[in-house]
Structure formats: structure tokens, C-alpha cells
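What's counted below: heavy atoms across the whole structure, side chains too, no hydrogens, waters or symmetry copies. Treat the numbers as computed from the prediction; the structure is a model and nothing was measured.
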Amino acid sequence: MLWTLWFGLLAALLSRSVTAQANAIYRDPDTGLVFSSNYVLYRVNQGITYRVAIPAGVQTYTSYDAVIQAVIPNDVGWAGIAWAGSMPRNPLTVAWRNSQNQPVLSSRWAGGHITPQAYNNAQYTLFKTGTKSNGTHWQYTALCKGCTSWTTDTGASRYLSPRGGNRMAFAYSPNRPSSPNSATSTIPIHDVHGYWQHDFSGAANQDFDAIVERLASGV
């Protein structure tokens, strides 16, 4: 009886924590971008916020740039997202802090459920604006070219929908990579992974190119 009650309360808590911030629209006062935002738990009452911003007017079945923003608790060693909602065969964005506690973004690709290797077809520009830290969390904001489309092992092209939900996944480890100052460092096996549907239709920005140009210039 007690176990049943405990599991029921835990399930309710997890559901409430996730759905309360699922696909929220976030207007970032620092960057000026509008993001679609999701909060994903890696343990009870502790989670990571992932936000995506894209250009308005993107056609389906085309490649387009995206800005990714993540708000990560300080106890996280590394955290990563899979843009297609599973570890194998899609762009992976893995982030951790280096020895100076500055964000490191690593572009990865896994051919299966094996250690992801460096992936050159997705490139990141880390923005100074929107990248910060405090006593409890750290945040990065970066442009990704190559995260919303990729080529499969069979040569087919895959695209994320700019007008609806895309299944995404995350993974987390409390341990930092062995060489945290290197974007190609070996990373420890994740402790937790999970999935969510990220609605890109709420992430569209009319002035995306102009804002990204300003952010990239450091203004």
C-alpha cells in the first residue's frame, strides 16, 4: 500500500514538473530571441531547460539554422541533446564546462549505442550574450548550422519540422569529460536519458538573421 502510494505521488510529481513548462514560449531579454522552451528532469525536482529558436517562414523539408539555449544546474558534469530523439545517427550537442568554468560545446555523432565521435557537419557559434552563470546554474546560447538536417547511413536526407513537434532526447552525467578543455574529449557514460516533443512552431523569429548577426558580432 505504501509503495503504491509513493509511486503514485512520484508519478504525479514528475508529470506536474514536466508539463508545467512543456513547450512554453520564452522571450529572452538578453538576446531578443523568442524560444520554444522545455524543462526535462534528470532527477526528482531537478532538471535542464532546453530552448530552440529558428527563423520564421522556413519551408518544410529544408535545412535551416537554429539557436539552442540551455540552462543547466551546476551539479551536471555534461549534458547533451539528440536532435532526432535517439542517440544513434543524428546530430548530438554535448556541453560541459572547462577548467575555467566556461561552456564547451561539442558536436558529436554516434553510429550506434557507442561512444559518440566528433561530427563535422554541425558547427556551433557560442554567443557571449545569453551565455552566463550564477551560484546554481550555467547557461549557454549558440547558433547551430547543421542540427536540423542530416544524411542517414543510406544516403537519405532527414529534416526537422519547423512547423510542429519534433521528438528530441537528452542525456546527463554528473561527471565531466576526462579532458574538459577539449571539445573532442572522451565523455563518461550517461546516468540518465529521456525524451520529449519539442514544438518548433512557437520558436519562429521574424528577425532571426539580423539578431543572429548582432549576437555573432558580440554587440
Side-chain angles (χ1 to χ4, degrees), residues 21 23-40 47-59 62-74 76 78-83 90-108 118-150 159-163 166 168 170 180-184 196 198-219:
Q21 300 187 44
N23 289 311
I25 302 301
Y26 177 72
R27 302 180 186 278
D28 186 8
D30 294 334
T31 64
L33 288 166
V34 175
F35 292 89
S36 175
S37 178
N38 278 270
Y39 181 75
V40 293
I48 300 169
T49 299
Y50 282 113
R51 300 173 180 144
V52 175
I54 64 172
V58 175
Q59 299 299 310
T62 60
S63 179
Y64 52 93
D65 295 344
V67 172
I68 175 72
Q69 184 177 86
V71 184
I72 304 172
N74 287 339
V76 170
W78 68 260
I81 62 171
W83 289 81
N90 69 114
L92 309 175
T93 304
V94 184
W96 60 83
R97 292 186 294 172
N98 62 20
S99 58
Q100 290 78 45
N101 282 329
Q102 298 301 308
V104 174
L105 295 186
S106 181
S107 181
R108 300 292 177 111
Y119 176 59
N120 295 325
N121 291 338
Q123 300 292 329
Y124 300 93
T125 301
L126 185 67
F127 297 141
K128 182 177 180 180
T129 300
T131 297
K132 55 189 177 181
S133 63
N134 58 30
T136 61
H137 291 75
W138 55 284
Q139 174 179 301
Y140 70 81
T141 305
L143 175 71
C144 181
K145 292 180 174 289
C147 286
T148 64
S149 66
W150 59 93
Y159 303 96
L160 296 185
S161 170
R163 300 180 181 176
N166 295 289
M168 302 183 76
F170 85 98
N181 293 334
S182 171
T184 58
W196 76 98
H198 203 109
D199 184 6
F200 279 36
S201 65
N205 287 258
Q206 293 291 340
D207 299 325
F208 183 88
D209 291 340
I211 295 173
V212 164
E213 184 177 359
R214 172 176 56 81
L215 293 171
S217 68
V219 175

To the nearest 0.5 Å, tell me how far [X] [atom1] sits from [Y] [atom2].
| X | Y | atom1 | atom2 | answer |
| --- | --- | --- | --- | --- |
| H198 | N166 | NE2 | CG | 8.5 Å |
| N38 | N23 | CG | CG | 4.0 Å |
| H137 | I72 | NE2 | CD1 | 9.5 Å |
| L92 | C147 | CG | SG | 9.5 Å |
| T125 | L215 | OG1 | CG | 10.5 Å |

Checklist entry - Between K132 and D30, does at least one N-O distance fall below 4.0 Å, as a salt bridge requires? => result yes
Tell me, do [X] and [Y] make a side-chain contact under 4.5 Å, heavy atoms counted?
| X | Y | result |
| --- | --- | --- |
| Y39 | V71 | no |
| W138 | N101 | no |
| T129 | T141 | no |
| Y64 | F208 | no |
| R163 | Q59 | yes |
| L105 | L126 | yes |
| W78 | V104 | no |
| M168 | L160 | no |

Quick one: does [X]'s side chain have a donor or acceptor within less than 3.5 Å of a partner on [Y]'s backbone?
| X | Y | value |
| --- | --- | --- |
| Q139 | G130 | yes |
| N205 | A203 | yes |
| R214 | T31 | yes |
| D207 | I211 | no |
| T131 | Y140 | no |
| W150 | P91 | no |

Item to check | Steps toward side chain to side chain contact (heavy atoms under 4.5 Å, CB included) verdict (V52, F200) | outcome: CA-CA 7 Å; V52 175; F200 279 36; 4.0 Å; yes
Minimum heavy-atom separation for [X] to [Y], with atom names?
| X | Y | result |
| --- | --- | --- |
| R108 | A183 | NH2-O, 3.2 Å |
| A79 | I48 | CB-CD1, 3.7 Å |
| Y26 | S37 | CB-CB, 4.2 Å |
| I25 | G202 | CD1-O, 3.3 Å |
| P162 | I54 | O-CD1, 3.7 Å |
| Q100 | N98 | N-OD1, 2.8 Å |

Ignoring hydrogens and angles, state whether a donor on the side chain of [X] or [Y] is under 3.5 Å from an acceptor on the partner side chain.
| X | Y | answer |
| --- | --- | --- |
| Y124 | T93 | yes |
| W83 | T148 | no |
| S36 | D199 | no |

Next on the checklist: For Y50, give me all partners under ring pair (Phe, Tyr, Trp, His ring centres under 6.0 Å), at least two apart in sequence or on another chain.
Outcome noted: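 Per chain and number, Y50 pairs via ring pair (Phe, Tyr, Trp, His ring centres under 6.0 Å) with W196.
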Checklist entry - Can you name the residues that form a ring pair (Phe, Tyr, Trp, His ring centres under 6.0 Å) with Y119, not counting sequence neighbours? => result W109
